[in-house]
2 protein chains.
Amino acid sequence: MERNTRQRAAILDAISRAGRPLLPREVLAAAQRTTPGLGIATVYRNLKAMLAEGQLSAVELPGENARFEKSGSQHHHHFQCMHCQRVFDVSGCPGDLSRLAPPGFAVDGHELTLYGRCKECL
Amino acid sequence: MERNTRQRAAILDAISRAGRPLLPREVLAAAQRTTPGLGIATVYRNLKAMLAEGQLSAVELPGENARFEKSGSQHHHHFQCMHCQRVFDVSGCPGDLSRLAPPGFAVDGHELTLYGRCKECL
DNA sequence: TTCTTAATGATATGTCCATCTCATTAATGG
DNA sequence: CCATTAATGAGATGGACATATCATTAAGAA
């Protein structure tokens, strides 16, 4: 990944514009609007590369494949719409949750997912 | 699933004794101790059936396959050890998290996963 | 105990996602 | 503008999990 290709730019642009974590197939669909002919293999290749470079972050939700969003935003969590299945960022965080763990367990991270209906699906 | 087979009993017993959510392959391994020859297909069949009957509940964690635990326990969350990968129940809950969602979004559920080291892996 | 047939066990098959292969295309250096 | 070769696109292949198939076994009724 040493060249700036149209495809790579289109992929990053698609994720940036979305403003929410996208599945590889969503990235493909979005990027194909500016770059017809774009292949799924190229999407996976670039997602993997940009992940390694730290340009993108992976978002894993229960029972879902990894989604990708731009890195840089601070600690946050996610909301999944139970109707359209799309995932959105949520800014807040309940804070320290160590107290919830059983005695003798060391907590050093957490993931939180909210479920419900997004604005468009209400 | 209308008959009480040794296999079915062994599967439920394995999950009960574990006291934590088990992966299908963990269920197989545990149940084979009392029922050698038990097949993975039987495990999947019975997990699915007991899930449908409400006897078991599925536990989905980010990036993980579904695990299974006995139903009945009240609202709770899970802890995954980053060393042994095992999953444990945690009793508490941070409470109402609706406030975290973006305006116009309706929250009606949440999942929380804690990560760290379990007692045995510290 | 015998009979009926649901359930099992071994393995084939299916599914979904991700990666690999390789001929072709196109991004940079000169 | 050319030459070099990284990157792409199409499709094959891989891998992990889950389900389907079917001959065999065994649970439960009589």
Side-chain angles (χ1 to χ4, degrees), chain A residues 1-15 18 21-69 80 84-87, chain B residues 1-15 18 21-69 80 84-87:
Chain A
M1 297 296 176
E2 300 169 9
R3 294 180 182 179
N4 285 328
T5 63
R6 285 182 305 118
Q7 291 85 348
R8 184 191 184 83
I11 289 167
L12 187 56
D13 185 61
I15 293 174
L22 297 183
L23 291 166
R25 65 165 177 274
E26 291 178 312
V27 174
L28 177 67
Q32 279 182 334
R33 275 188 254 118
T34 52
T35 308
L38 176 65
I40 188 66
T42 297
V43 170
Y44 276 108
R45 267 190 298 249
N46 280 284
L47 288 177
K48 190 174 182 180
M50 291 193 260
L51 196 59
E53 292 168 15
Q55 204 164 168
L56 294 181
S57 300
V59 174
E60 306 232 324
L61 299 194
E64 300 281 307
N65 292 317
R67 288 174 169 79
F68 298 84
E69 67 181 352
Q80 181 168 36
C84 66
Q85 265 64 61
R86 290 185 301 174
V87 172
Chain B
M1 298 298 174
E2 301 169 9
R3 294 180 180 177
N4 285 329
T5 63
R6 283 181 306 116
Q7 292 85 348
R8 183 191 184 85
I11 288 167
L12 188 56
D13 185 60
I15 293 174
L22 297 182
L23 291 165
R25 64 165 176 274
E26 291 177 314
V27 173
L28 177 66
Q32 278 182 334
R33 275 188 254 119
T34 52
T35 308
L38 176 65
I40 188 66
T42 298
V43 170
Y44 277 108
R45 266 190 299 250
N46 279 284
L47 288 178
K48 190 174 182 179
M50 291 193 262
L51 196 59
E53 292 168 14
Q55 206 164 166
L56 295 181
S57 300
V59 174
E60 307 233 323
L61 299 193
E64 299 280 307
N65 294 316
R67 288 174 169 79
F68 298 84
E69 67 181 354
Q80 181 168 36
C84 66
Q85 266 62 61
R86 290 186 302 174
V87 172

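Just so you know, these numbers use all the heavy atoms, side chains as well, and skip hydrogens, waters and symmetry mates. In the text below, chain A, chain B and the rest are named by the order of the sequence lines, each starting its count at 1. A quick note: this is a predicted structure, and the numbers were derived from the prediction, not measured.
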(request) Quick one: which residue pairs count as a salt bridge (Lys or Arg N to Asp or Glu O under 4.0 Å) with a foot in residues 55-64 of chain A, not counting sequence neighbours? (result) A:Glu64-A:Arg67
(message) Rounded at 0.5 Å granularity, tell me how far CG in A:Leu28 sits from OH in A:Tyr44.
(response) 9.0 Å
(message) A:Gln85: which residues meet the side-chain hydrogen bond (donor to acceptor under 3.5 Å, both in side chains) condition with it, sequence neighbours left out?
(response) none
(message) Each nucleotide in nucleotides 17-23 of chain C should get exactly one letter: B, S or -. Can you fill that in based on protein heavy atoms under 4.0 Å?
(response) SSBBB--
(message) Any residue in residues 54-62 of chain A with a heavy atom nearer than 4.0 angstrom to DNA chain D? Just list them by number, or reply none.
(response) none
(request) Using atom CG of A:Leu47 as one end and atom C1' of D:dT8 as the other, report the distance to the nearest whole Å. (result) 15 Å
(request) Calculate the interatomic distance between B:Leu38 atom CG and C:dA10 atom C1'; express it in whole Å. (result) 12 Å
(message) I need the B:Arg45 CZ to B:Ile11 CD1 distance, nearest 0.5 Å.
(response) 9.0 Å
(message) Return the CG to CG distance between A:Asn46 and A:Leu12, rounded to the nearest 0.5 Å.
(response) 9.5 Å
(request) Only counting residues at least two apart or in another chain, list the ones meeting side-chain contact (heavy atoms from CB on, under 4.5 Å) with B:Gln7. (result) B:Thr5, B:Thr35, B:Leu38, B:Thr42
(message) If the condition is side-chain hydrogen bond (donor to acceptor under 3.5 Å, both in side chains), which residues does A:Thr34 pass it with, not counting sequence neighbours?
(response) none
(request) Kindly write out the residues that satisfy side-chain contact (heavy atoms from CB on, under 4.5 Å) with B:Ala58, not counting sequence neighbours, or none if the list is empty. (result) B:Leu51, B:Phe68
(request) Report, as a single string ordered 5' to 3', how protein heavy atoms within less than 4.0 Å touch nucleotides 24-29 of chain C: B base, S sugar-phosphate only, - not at all. (result) --BBS-
(request) Could you state the atom-to-atom distance from CG of B:Asn46 to C1' of D:dT19 in whole Å? (result) 14 Å
(message) Under the side chain to side chain donor-acceptor pair (under 3.5 Å) definition, can you give me all pairs with a residue in residues 23-33 of chain B, not counting sequence neighbours?
(response) none
(request) State which residues pass side-chain hydrogen bond (donor to acceptor under 3.5 Å, both in side chains) with A:Asp13; sequence neighbours excluded, sorted by chain then number. (result) A:Arg17
